[in-house]
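All values below were derived from every heavy atom in this structure, side-chain atoms included, with hydrogens, water molecules and symmetry-related copies excluded. Count residues from 1 along the sequence. Model, not experiment: these values are computed from the prediction.
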Amino acid sequence: SIPHNMHGHYTPTTKKIEKDRLLLDPSEIEESTEERVPLVRLLALTLCFLGVQFGWAVQVAFTVPLFLELGVSKFWVSYVWLAGPISGLLVQPTVGVISDRTTLKFGRRRPFILFGSIFILIGMVLISNAAWIGTKVTGEGTGFFSIALAVTGFWILDLSNNTVQGPCRALLVDAAPASQQNLGGSLFSFMLGTGNLLGYLVGSLPLAKWFPFFGTDIRALFLCGMCVLITCVTVTLIMTKEKPLKKEEIQSTENPFKQLFLGITRMPRGMQRICAVQFFAWFGWFTFLLYITSWMATSIFKGDPSALPNSTQALLFDEGVRFGSLALTIFSAVTMLFSVLLPILTRLVGLKIVFAVCQIILAVCLFLPLLVTNKWLAFVLIAFCGLPWTCVMVYPFSVVAMVVPEVESGMYMGVLNIFVVVPQMIVAVTMGFLVEGFHGWFAPALAAGGVAALISAVLVHFLILPNKETIDLVQEIQVEIESADTSIQKNE
């Protein structure tokens with residue numbers, strides 16, 4: 001088999017094989033080959049992403065409405081979301097660098113997945129119970145104490161999410177050979193879509209009505225998220241085996257922050273260009289994730305988060321949030337279906353064309369809230385965003401795999417994440433002024449994200465991808481390696 005990634009291009013492991021082929025004599029070639037991972041273990045390896053993504057879907061759909069109901073104004077609610085980009089900027093790249101050179105017996109990536117998941121649970125408990133604890137302590141569930149508790153839980157949740165995500169992806173690079181990176185990437189995309197779908201679907205249900213002992217939809221929903229996370233992460237940790245890193249195999253002993261800084265300043269040109277695409281793509285995506293369910297609840301359903309509990313406008317707001325969550329469920333289903341078609345479509349027309357078209361689709365969907373007033377049109381608009389979401393969840397990581405050394409994959413996954421979180425910080429700081437300027441209307445902020453999505457579509461044209469001649473060379477080298485390996489086995 002040819003060690004391609006899902007888009008028909010060679011991976012860092014393939015480049016390593018080429019180097020090994022030139023440097024090793026035939027008696028050493030066998031040592032450079034890697035054993036294939038059974039499908040069951042690949043499924044178990046990627047299952048942790050389903051658990052993390054379930055909780056993230058709940059966070060996306062419900063935390064902004066929750067903060068609005070606790071009394072945070074529309075202007076300040078975006079500042080609460082600074083937790084995500086700031087923690088992502090500091091935590092995920094640092095964890096990537098440190099995990100690259102961790103020598104624990106338990107492995108390089110699994111310790112971070114374990115402890116990060118524990119703190120995700122703590123954050124979810126604080127967020128979902130902030131109003132209840134506030135009522136018990138101060139006598140009211142919408143005061144400063146409840147807000148502070150929810151914000152603290154939100155920051156813990158984001159810090160922990162960023163601790164887990166990078167090692168989850170790097171674990172696949174470490175555990176699976178190049179010939180299975182294609183399959184592993186597809187499974188990651190599938191688990192991501194499944195986690196989103198389940199999270200949004202459960203969030204669209206009237207859980208408090210069905211299970212009144214929970215008190216609120218939020219508490220029931222977050223409890224479901226915690227159960228899913230515990231189950232998925234436990235399976236990954238038990239069934240995934242890591243080969244401990246030896247101290248003599250560590251590539252660098254530099255300070256992780258210095259190493260990260262050098263990684264940014266010395267990025268290969270191909271890495272620079274995918275980071276530029278990622279920056280503008282995520283400017284658009286963060287406006288979507290931050291405001292889409294609140295836009296549905298306020299502009300389409302005409303609800304008011306500050307209305308008295310059980311009033312008509314308060315009930316309309318809750319109904320709008322649930323309907324937005326249902327639309328995000330279909331969004332996730334579209335993501336799952338398109339993830340299956342994406343490798344085929346990429347081979348037929350090319351990565352750049354598919355990526356650019358998807359970014360244009362995102363831009364159109366972000367401009368339309370300026371005009372849409374019908375709830376079913378809004379529903380379709382949200383669902384269609386599943387197409388570009390699939391691309392942004394797959395393509396950037398695939399391109400990074402083509403242009404960076406395998407041994408530095410953890411660091412460069414962290415570097416790529418910086419160009420996810422910096423635009424989030426800009427959106428969080430600036431969009432509140434835009435929303436306030438339009439008297440609480442979220443559509444202009446979404447349209448600003450559409451402009452950024454169009455810029456990213458243009459920048460896709462400048463991505464650097466291996467050409468056909470390079471791929472052919474890699475194929476020839478792999479055939480020679482397999483032939484030599486077969487000869488060695490026969491001689492034995």
Side-chain angles (χ1 to χ4, degrees), residues 6-7 46 49-50 52-61 84 88 161 165 168-169 185-201 203-204 274 277-293 295-296 324-343 345-346 351 353-369 378-399 416-417 419-421 423-424 427 446 449-450 452-457 460:
M6 69 180 299
H7 311 302
T46 55
F49 221 57
L50 188 156
V52 173
Q53 205 65 28
F54 185 103
W56 191 78
V58 171
Q59 180 181 352
V60 166
N161 272 328
Q165 288 177 9
C168 281
R169 288 191 178 274
S186 298
L187 288 175
F188 255 130
S189 181
F190 178 80
M191 293 299 179
L192 182 149
T194 303
N196 278 334
L197 188 149
L198 293 176
Y200 295 136
L201 177 62
S204 68
I274 188 59
V277 172
Q278 190 82 322
F279 177 90
F280 288 100
W282 270 95
F283 190 104
W285 275 116
F286 197 57
T287 61
F288 176 88
L289 299 173
L290 183 60
Y291 293 126
I292 197 66
T293 53
W295 167 74
M296 178 72 82
S325 184
L326 181 61
L328 287 170
T329 303
I330 306 304
F331 162 100
S332 298
V334 171
T335 298
M336 293 175 64
L337 292 174
F338 193 53
S339 68
V340 176
L341 299 176
L342 189 61
L345 193 59
T346 303
L351 183 150
I353 294 176
V354 179
F355 202 177
V357 170
C358 282
Q359 288 306 110
I360 293 171
I361 291 173
L362 174 62
V364 172
C365 289
L366 290 175
F367 285 130
L368 285 177
F379 186 95
V380 172
L381 178 156
I382 293 174
F384 249 87
C385 288
L387 298 176
W389 181 253
T390 305
C391 289
V392 83
M393 288 291 104
V394 175
Y395 281 157
F397 302 100
S398 298
V399 173
L416 184 67
N417 188 64
F419 291 86
V420 173
V421 300
Q424 291 182 26
V427 169
L446 293 169
L454 282 179
I455 295 174
S456 71
V460 166

Q.
Distance check, rounded to the nearest 0.5 Å: T346 atom OG1 versus L341 atom CG?
A. 10.0 Å

Q. Got N196 and L328 here, is their nearest side-chain heavy-atom distance under 4.5 Å?
A. no

Q. Measuring from M296:CE to I382:CD1, what's the distance to the nearest 0.5 Å?
A. 3.5 Å

Q) Is there a donor-acceptor pair closer than 3.5 Å between any side-chain N or O of T293 and the backbone N or O of A61? A) yes

Q: State the OG1-CG distance between T287 and L362, to the nearest 0.5 angstrom.
A: 7.5 Å

Q | Closest contact, heavy atoms only, G199 versus A57 | A | CA-CB, 4.1 Å

Q. Sub-3.5 Å donor-acceptor pair from the side chain of S332 to the main-chain atoms of L197, do we have one?
A. yes

Q: Report yes if some heavy atom in the side chain of F49 is under 4.5 Å from a heavy atom in the side chain of L187; otherwise report no.
A: no

Q: Go through the structure and list residues passing side chain to side chain contact (heavy atoms under 4.5 Å, CB included) with L345, not counting sequence neighbours.
A: F338, V349, V354

Q: Heavy atoms only: give me the nearest C385-F288 pair and the separation to one decimal.
A: SG-CE1, 3.7 Å

**Q.** Set of side chain to side chain contact (heavy atoms under 4.5 Å, CB included) partners for T194, sequence neighbours left out
**A.** L50, F190, L198, M336

Q: May I ask you to test the L326-F379 pair for a side-chain heavy-atom distance under 4.5 Å?
A: yes

Q: Would you please test I274 and F419 for side-chain contact (heavy atoms from CB on, under 4.5 Å) and show each step?
A: CA-CA 9 Å; I274 188 59; F419 291 86; over 6 Å; no

Q.
In terms of relative ring orientation, are W282 and W285 parallel, tilted or perpendicular, with 30° and 60° separating the classes?
A. tilted

Q. Which heavy atom in P343 sits nearest to a heavy atom in V340, and how many Å separate them?
A. CD-O, 3.4 Å

Q: Enter the distance from S398:OG to L351:CG here, rounded to the nearest 0.5 Å.
A: 7.5 Å

Q) Side chain of T329, backbone of Y200: donor and acceptor closer than 3.5 Å? A) yes

Q: Start with the C-alpha distance between V399 and F355, add both sets of side-chain angles, then the distance that settles side-chain contact (heavy atoms from CB on, under 4.5 Å), and finish with yes or no.
A: CA-CA 12 Å; V399 173; F355 202 177; over 6 Å; no

**Q.** Step-by-step side-chain contact (heavy atoms from CB on, under 4.5 Å) determination, Y395 to V277
**A.** CA-CA 11 Å; Y395 281 157; V277 172; over 6 Å; no

(Q) To check you understand the geometry: which heavy-atom pair defines the closest contact between A281 and V392, and what is its length? (A) CB-CG2, 4.2 Å

**Q.** Non-hydrogen side-chain atoms of F384 and V364 separated by less than 4.5 Å
**A.** no

Q) Partners of P369 by side chain to side chain contact (heavy atoms under 4.5 Å, CB included), sequence neighbours excluded? A) W295, L381, A443, L446

Q) Using the ring of each side chain (for Trp, its six-membered ring), is F331 parallel, tilted or perpendicular to W389, with breaks at 30° and 60°? A) tilted

Q: Rounded to the nearest 0.5 Å, what's the gap from CD on Q165 to CH2 on W56? Could you check?
A: 8.0 Å

**Q.** Smallest separation among heavy atoms of A356 and V460, with atom names
**A.** N-CG1, 4.0 Å

Q) Of all heavy-atom pairs between S204 and S325, which one has the smallest distance, and what is that distance? A) N-OG, 3.6 Å

**Q.** Atom pair SG (C391) and CD1 (I361), whose distance is rounded to the nearest 0.5 Å
**A.** 8.0 Å

